[in-house]
Every structure is written in C-alpha cells, then in structure tokens.
Amino acid sequence: MTEVISADAPRGAPPERDILLDVRNLKTYFKVLDGVVPAVDGVSFSLRRGQTLGIVGESGSGKSVTAMTIMRLLDIPPAQIDPASEVWFDGREILGLPMDQMRRIRGNEMAMIFQEPLTSLNPVFTVGDQIAEQVALHKKVGKKAAWDRAIESLTLVGIPNPERRVKQYPHEMSGGMRQRVMIAMALSCEPKLLIADEPTTALDVTIQAQILELLKTIQQRTDSALVLITHDLGVVAEMVDNVIVMYTGEVVEQGTVEEVLVEPRAPYTMGLLESIPSVEKRGGRLSAIKGVVPSPFNLPPACRFEPRCPYHWERCRTVPPELYLSGPSGRRARCHLHTPEGAGRWPAALEAHRRALATGRELPVHDATPGDA
Amino acid sequence: MTKYLIRRLIQAIPVVIGITIVTYAVMLSAPGGPVERFANNPKITLAQKEAFKKSWGLDQPIPIQYGRWVGLLNPDGQGLGQFLGPTGWPNILPTGISGATNGVLHGDLGFSLDSGESVARRIGNAALPTLILAGTALLLWISAAIVLGVLAAVKRYSFFDQAATVFSYIGFAMPTFWLGIMLILIFGVSLKWLPISGMVNARLSPAFGTDNYWVYFGQNPIPAILDIAQHLVMPVITLVVVNIAGDSRFVRASMLEALSQDYVRTARAKGLPGRTVTFRHALRNALLPVVTNIGLEIPFLFSGALVTESIFSWPGIGRLTIESIRVFDYTILMGVFLISSLLVVLANLLADVLYAVVDPRIKY
C-alpha cells in the first residue's frame, strides 16, 4: 500500500504518471446574497491508480462540493472556482478544459454515484435506456451493442434477471436495486475513477453492507480508483486505503486509514472517534463534540475548530494552523499541537483522548469564546 | 386501462345528470324568461304571451318541463302515461324501442326560440368556425408557451427570461376587448391591412357554412382558405396574447423544477451534452403536467371565446352564446352549456388517460 496523499509536483506541471487524480489547493466559493461562502477552502490530495480514498466530514464540510468541483458539475455562477486551483486527472488539468472535452471525460473516464438513488434516475426512461444512452455516447457503439452493455453492467452489479430488469422503469425497483443501477451506470464505460458521494446513506443498513461490498469487489476487479465520500467512519474503516478528514471546507487531517482511525492527530478527528457510541460505553450519555459547526459567514479567525476544541490555547485564536506533518510520509494534521510550540501539550491531549475513548465521557471545552456558534 | 376507462365513464353518468339539473336550475333562476324577449314589443299582448308559454310547455310544473327537455317524459302523454313513449315502452329508452324523439337523451336539443331552427343545427353551424379559430389559437399559444417557457427556464434570470416575464404579464393583464379593438383600429381601420370582422369576405363569397359557400369553396379552395386565414389573424393574435401568459409561466415553472432534479445532475454527470440534458431528460419530465393542462383546455375548442368572437363578429359558438343571451334564447343556451359541460367531463377523462400514456409511473 502506498501512502501518497500529496503528490507535491510543481504548480502547472503534471504529477508523476502513477497518480490518477491530483487536486491542488482547490478552492470553491459560492456567491450568495449574504456574501461569499468558502465551501472548499484550499483542499489538496492525490490518488494513485486503483487506490481508494475516503473523504470524511459532516454535512457542510465541503466534501460533496469537492467531488462536484472535480466532476465540474457545479453551476458557475453561483459557484466559483479559484483560478489558482488545479485538478490533474490522468495527466491533464481538467478545471481549465473546455466543457465539451470535459464532457467526454465525464461518465466515461470518471463517473459519479450520488446519495439519493430514489431520485437520481430519470423516472420516464427505462434503466436500460439510461445506461445505454451513456455507453452509446462515449463508446460510439450502436444501439444494440449499448443495450447489451447495459445488460452486462446490470449483471456485474449483481442484479438478478438483468434481461428483464433492463426494460423496467426506476419506480419498479427498490432503493437498493436503484443504487445498483446507478453503480452499473457509472461502471458502464469502465471509468478510471469512480466518485461515490454517500452511496449508502439513503439505504437501510442491511442493503448498505451489500452495496459497499459490491463497490469494493467491483473496484478491485476493474482496478478503478475510488473516492468514497461519507460521514460514516465505519464505512471508511472497511473500504479505503487513505483518508482525508474535512471540517468547514478545509482538510484537517490526512493519512492512511489505520493511522487516522487508530491514532488521530487532529482534535476534530479525535472528537469524531470519541463520539462513536459503543456497547462498552452503554448506559451513559452519548458523547458529542461540543458546540456546533461555525457559520461560513462567521468563521473563527484562526483555527476554525478552536471554539469546540478541548485542547485549545491562545495561539489557536491568533495563528491559523496549517496542515503540519505529524508523522511519517504524508501524515498530516491541521493543529498547533504538532508544531514545536504545541508539542509540549500533545502528550496530555493524547492522554485525555484515550481517557475519553475509554469512559465515553465528553471532554470539557474550557473558556470557549461564547456565542460564536 | 380499459377497466379504468369503463369505470370512469360510468362515474361520469351521475355527473352528467347533475350537470343537466344544475344547468336547468340556473337558467330558471335567471331573471326574466323565454317570453321576456317580447318585453319591448308593445304589439304582443299578455294573452299572446300566455299562449306562447302554453305552446312551449312553460305552463307545466318545472319537474315536468325538465323531464320533457331531458327526454324522460313524453310531452304528448297525460298523468303517468307521460313516462311512456309512442310505442308504449318507457319514453326514456332509445328511440328505436320507445319511439320517443323528444329530449336530450334522444338527441333533440329543441328549437331556437328566436329563429325556430333546431338548436342542434344552430350549434352545429357555429361549431366549425369556433373550432377553426380556437384550434388555431390553442395550437399557437401552446407551442409558443412551451418554447417560451422552456427557454425562459433554461436561461433563468437572463434578459430573455425577464422580457418574457414582462410581456407575459402585460398580455395577461390586457383586457381582451381592449386588445381586440386596438388591433382593429390599428391594422384594420388605420393601416387597412386586415379585415376587421367576420370570417369570410362577404363581397367575394357566400356566407360561411351555407350550401352555396361549400359550392364556392369547392370551386375556389385556395382563395377561400386564404380569405379565412386573413380573417383569422387578428382574433387569433388576441387569443394568443391573452392566453400565452398563463401557460408559458406554467411551462417555465415546471421546467425549472425538472432542471433542479437529481436525475438532471445524473444526466450531466454521464457526460451528456447540455441540449440532451435539457431537451431529453428535463423537458420530458417538465411536460408531464403540461400535457394534463392541455387536456383540460380542450373544451375551449367548442365553447370558444365569448368576447373575442363578439368583437370580431366571428360566427362561432361564443358569439352565438352572447346573442342568445341577448334575445333570451333559452334553448340554445341550454344546448351550448350542456355540450360544453359534457366536453369538460370528457376532457378531464382524456387528461387522465394522456397522463398515463406519457408517464410510465401512472398505471390505472
């Protein structure tokens, strides 16, 4: 397994060949009536061919917008992408590609699976129509061949009786079945990159496991790279090689899945892990990260997690933290605890985190600035 | 589907019976009555009015009048015998069995109190002109509304969208009679580009719908059609301008909703070109409610436009209605109202059927 998360190629130059997707300092804003919302605020990561990356974060952390920006599915305006941002896909910078060239990549070389299988399929066309349409468009094959490919894709995603199912409309299928159709559609052109945006959130738990299993086997079989966007740490643990954790549009932590989930370095990730309910901690109150996500119009001046952080001190309110190297090879966390200035505080923080994990009790946030939620 | 259709048709029967009763009641409760047509004629005496009432059967109790109009009762019978037709079978049965010929049920809408012609004939003569006018206008405004609405939705908040909105509301707010008269003044009277009234040029051809007219039409089909087309221009413009607003807004809203759906995002993520996304994936969905709306506008093809037809002296159902109101021609009005309401019932049914045809999710 490889641990590259940031490729570190110079700006404007392609990354090394093995890197399929290289996102560099991606910034996406939304101009709305009340001002500018920085939905994605300087996100960088990269992904090798065939590798799996998890993007974790709560609602509004910018993970979906990151995916939509890479797919160039956002309407501009209201969305705006910083001109200095770069997204390299398979050796090309795609944010600057003309739309008609981008369209040839979309659905063909990179495909996306959405959160809502119930509404993501067009209700007035059969599922076969919808898959064959994409195949015919990108692979320049006839109707018959496209249709055969649609049946093949449905078989691949484990839909029984595909010859019959292919002629059905989405409303004739269950939610899990429709998500399989979405996956079949995404895979129909054998993309190099698959982006799955909360593919299991709308499904019930037993179906979730099946869909994840399916994604995993298919990803291994077709050797495509996968970006899995989720808020579910359990899903991440099972599915991905590397993880980035996002908070208010920024990456706060990155590393391999073992590193991030077992030895979190950013207080936000530590808090997320502490708030996972478990059987051992049964009976007590559910623990949570104190406070709420700050409004994008009123972000804290320096560290954006500072008001909710159990370990914060003055420096957190004055100096915006960067993604500091906090371990070997690409392991990074956005926290002053991993600078020389904060290193002295780290053992105590780690100790508190371990205690919280063991007892299931929330860590207090001392003298948090009141009222800036 | 067939089962559903049969059920709906059976359900329509009580509705239609209700319609006849309400129509009859409304007409009865209107002030005046059939003999009011003589109110301004001093030569007609009270006794003569009574005689008219008697000959028209208006001296009978109201349920009996209604029964005769519907065809339940035989006007020649007495007492319970009224229920029986000439052959002795109940009068309500089809003519072939009961021998009865009176009443709506036997296809007899009565005779015009004004001209003495049969109501069916008067309505029949007026129906074709209305179909021509309303059909042309409906076709034009629906296609224009779809084009305008879709473009406005695709280019939302653009100059085009704003302009379409402004003109829609101007058209919507403009009174029909004012627009019609302005068109007549400008294009008819001042510029003399277009004929100002009627359906055909009376100097060149016989009156529309007469036997002579059809002979003339057979001999000179192209000038005859061009003549009608010329006369059509202004009333059609009037109807289109006034009616385009509602439908184009409706299409725009429907299209905007479709464009914001998840499946449109999916279609874009598949790499489809913008036009395919808009015109295949979004439009198809956006038109579902529009189809229903069009279905419900179908009765307009018969009932026509009262004001527009009157302004342009178009010899259609709308003008027939207005004229019949003026001369207290109750039987014609009853006929027009009855057929219009039947068409509304049928159009609703048609709209439901169309909906099932275009939307695979609807099954009956």
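Everything numeric here is computed off the predicted structure, so don't read it as measured data. Letters A, B, ... mirror the listed sequences (proteins, then strands); counts begin at 1.
- Cation-pi geometry between B:Arg265 and A:Phe114 is met: the NZ or CZ atom falls under 6.0 Å from the ring centre, inside 45° of the normal.
- Between B:Lys270 and A:Met185, the shortest heavy-atom distance links the atoms CD-SD, 3.6 Å.
- More than 12 heavy atoms of other shown residues, nucleotides or ligands fall within 6.0 angstrom of atom CZ in B:Phe250.
- For the options A:Arg72, A:Met102, A:Met110, A:Glu116, heavy-atom pairs under 4.5 Å to chain B are most numerous at A:Glu116.
- Taking all atoms of both residues into account, the shortest heavy-atom contact from B:Gly271 to A:His138 is CA-NE2, 4.1 Å.
- Residues from residues 93-100 of chain A never place a non-hydrogen atom less than 4.5 Å from a non-hydrogen atom of chain B.
- Contact annotation: the side chain of A:Gln130 never approaches that of B:Tyr263 to less than 4.5 Å [non-hydrogen atoms, C-beta and beyond].
- By the neighbour-count criterion of 12 heavy atoms within 6.0 Å, atom CZ of B:Phe167 is sparsely surrounded, having that number or fewer from other residues, nucleotides or ligands.
- Under a 3.5 Å cut-off, the side chain of B:Thr266 and the backbone N or O of A:Ser120 do form a donor-acceptor pair.
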Given A:Glu133 and B:Leu272, is the side chain to side chain contact (heavy atoms under 4.5 Å, CB included) satisfied, shown in steps? CA-CA 9 Å; A:Glu133 180 185 30; B:Leu272 298 173; 3.5 Å; yes

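- Between B:Arg280 atom CZ and A:Phe125 atom CZ the span is 4.0 Å, to the nearest 0.5 Å.
- Within the 4.5 Å cutoff, side-chain heavy atoms of A:Asp75 are placed close to those of B:Arg268.
- Neither the backbone nor the side chain of A:Glu172 comes within contact range of chain B; no heavy atom of the residue lies under 4.5 Å from a heavy atom of that chain.
- Using a 4.5 Å cut-off between heavy atoms, A:Leu137 contacts chain B through its side chain alone, with no backbone atom that close.
- B:Phe160 CZ: more than 12 foreign heavy atoms inside a 6.0 Å radius.
- Residues B:Pro360 and A:Pro123 approach most closely at CG-O, 3.5 Å, considering heavy atoms.
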Apply side chain to side chain contact (heavy atoms under 4.5 Å, CB included) to A:Asn122 and B:Arg284, showing your working. CA-CA 10 Å; A:Asn122 196 323; B:Arg284 177 81 201 271; 5.9 Å; no

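- Each of B:Leu287, B:Leu288, B:Val358 was compared with A:Val124 under the side-chain contact (heavy atoms from CB on, under 4.5 Å) criterion, and only B:Leu288 meets it.
- The structure places NE2 of A:His171 at 8.0 Å from CG of B:Asp359, a figure rounded to the nearest 0.5 Å.
- Around the CD atom of B:Glu257, the shell of radius 6.0 Å holds no more than 12 heavy atoms that belong to other residues, nucleotides or ligands.
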